[in-house]
Amino acid sequence: MNTHTLPRPKAPLSKAPLSKAPLSKAPLSKAPLTKTLLPETAPRAAFGQIVRNEARLAWRLPAGLIFGAGLPVLLLIIFNEIPSFHQAQASLGGLTAFDVYVPILIAFVIAIIALISLPGPLVTYRDQGILRRLSTTPVPPTWVLAAQVVVQFCITITSLLILIVVSITAFGFDASKNPGALVLAIVLSIAALFAIGLCIAAAARSGTAARAIGAAAFYPMLFFSGMWFPRELMPGVLQDVSNITPLGAAVEAIQDSMQGQFPPAEPLLVLAGYALVFALIAKRFFRWE
């Protein structure tokens, strides 16, 4: 065999690791790149701008404030005009029906904003591709979620302040017997119901579906809160069910604090459990596109 006819080996191509040197230096960490593109104050300023934009949109379509503050105050006025609502009843534990319904209306405010107002915009942003487009910018999509939670939380607090101030100044209701316990009960109620609202946003595929799921969760919860039939008058089985629902536990904790008692551990643990479990579920299944 003539060995001169064999092809010469291409040693430089097979032995020289040309790609190793550039690849070892090519990857750049995300943090230095972000710092070079954005000044240090940019993340805080960008998040503040997103919150302001969400607040402007909420102000242009103030459904949450109308239903969260206007409707409960209207119901409060109607209840005040019913003479029997101001008579203490032994079946209500010596309380008047007006005393019973103020905590229910507080829970109503939190529930309608958390279950109806909160999921809608988030689902709409995802359906319109806004969250997907944000993923191509230095601004993370989670900021839109956080901004919406901040805005709805502020609407909830504003609505609650309006309801409580009106009940005290206009109707002589005493809500300051245990303010620390009242604040704790309200905060846990907001945390529990907002977590459920985020789960609705994770499950719904459109704004219409989000509102339908929210309404399907809202009205049964409202029944067990005592809106149509006071919890004190429910049969034992329904009271037991009410105690483990988020609105039933919220009403129990808020009512006890308004009567000067620190709420028992059971409703507080129920609210904390809902907040923790549903927050984890929302984090696990929330889709950005």
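The first residue in the sequence is number 1, and the count goes up from there. Below, all heavy atoms of this structure are taken into account, side chains as well, without hydrogens, waters or symmetry copies. Since we're looking at a predicted model, the values are computed, not measured.
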Close side-chain approach of [X] to [Y], heavy-atom, < 4.5 Å:
X      : Y      : result
Pro246 : Val270 : no
Ile82  : Phe98  : no
Leu233 : Pro230 : yes
Leu198 : Val149 : yes
Leu115 : Met221 : yes
Arg126 : Leu122 : no

Co-members of the apolar cluster containing Phe262 [side chain, <4.5 Å]: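 Other cluster members: Leu184, Leu188, Leu268, Leu271.
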By side-chain contact (heavy atoms from CB on, under 4.5 Å), which residues pair with [X], not counting sequence neighbours?
X      : answer
Ala191 : Ala275
Arg284 : none
Pro264 : Glu252, Asp256, Pro267
Leu269 : Ala265

Going by side chain to side chain donor-acceptor pair (under 3.5 Å), name the pairs with one or both residues in residues 215-237, residues two or more places apart or in two chains.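 Residue pairs with at least one partner in residues 215-237: Arg231-Ser242, Arg231-Asn243.
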Side chain to side chain donor-acceptor pair (under 3.5 Å) contacts touching residues 95-105 (sequence neighbours left out):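 Non-adjacent pairs meeting side chain to side chain donor-acceptor pair (under 3.5 Å): Thr96-Asp99.
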For a quick test of reading the model, state the closest non-hydrogen atom pair linking Ala253 to Pro263 and the distance between them.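 Between these two residues, the closest heavy atoms are O-CG, 3.4 Å.
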Hey, does the side chain of Gln239 reach the backbone of Met234 with a donor-acceptor pair shorter than 3.5 angstrom?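 Here the side-chain-to-backbone pair exists.
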Determine which pairs satisfy ring-ring contact (aromatic ring centres under 6.0 Å, His included) with at least one residue from residues 112-131, sequence neighbours left out, and list them in order.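 Output for this query is empty, none listed.
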For residues 203-214, which side-chain donor-acceptor pairs fall under 3.5 Å, sequence neighbours excluded?
| unit_1 | atom_1 | unit_2 | atom_2 | d |
| --- | --- | --- | --- | --- |
| Ser206 | OG | Ala209 | N | 3.2 |
| Thr208 | OG1 | Arg211 | NH2 | 3.4 |

Donor-acceptor contacts, no H, no angles, side chain residues 83-95, under 3.5 Å, sequence neighbours left out:
| unit_1 | atom_1 | unit_2 | atom_2 | d |
| --- | --- | --- | --- | --- |
| His86 | NE2 | Asn80 | O | 3.0 |
| His86 | NE2 | Asn80 | OD1 | 3.1 |

Give the C-alpha distance, both sets of side-chain angles, the deciding distance and a yes or no for side-chain contact (heavy atoms from CB on, under 4.5 Å) between Leu76 and Phe173. CA-CA 11 Å; Leu76 198 67; Phe173 184 79; over 6 Å; no
Find the distance between CE (Met258) and CD1 (Ile254) and round it off to the nearest 0.5 Å.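 Rounded to the nearest 0.5 Å, the CE-CD1 separation comes to 6.5 Å.
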Test of understanding: with side-chain hydrogen bond (donor to acceptor under 3.5 Å, both in side chains), list the residues that count as partners of Gln148, not counting sequence neighbours.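 By the side-chain hydrogen bond (donor to acceptor under 3.5 Å, both in side chains) rule, Gln148 matches Glu54, Gln152.
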Any residue meeting ring-ring contact (aromatic ring centres under 6.0 Å, His included) with Phe224, in chain and number order, not counting sequence neighbours: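 In terms of ring-ring contact (aromatic ring centres under 6.0 Å, His included), with neighbours along the sequence ignored, Phe224 is linked to no residue.
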Show your reasoning for whether ring pair (Phe, Tyr, Trp, His ring centres under 6.0 Å) applies to Phe223 and Phe218. CA-CA 9 Å; Phe223 170 80; Phe218 173 70; over 10 Å; no
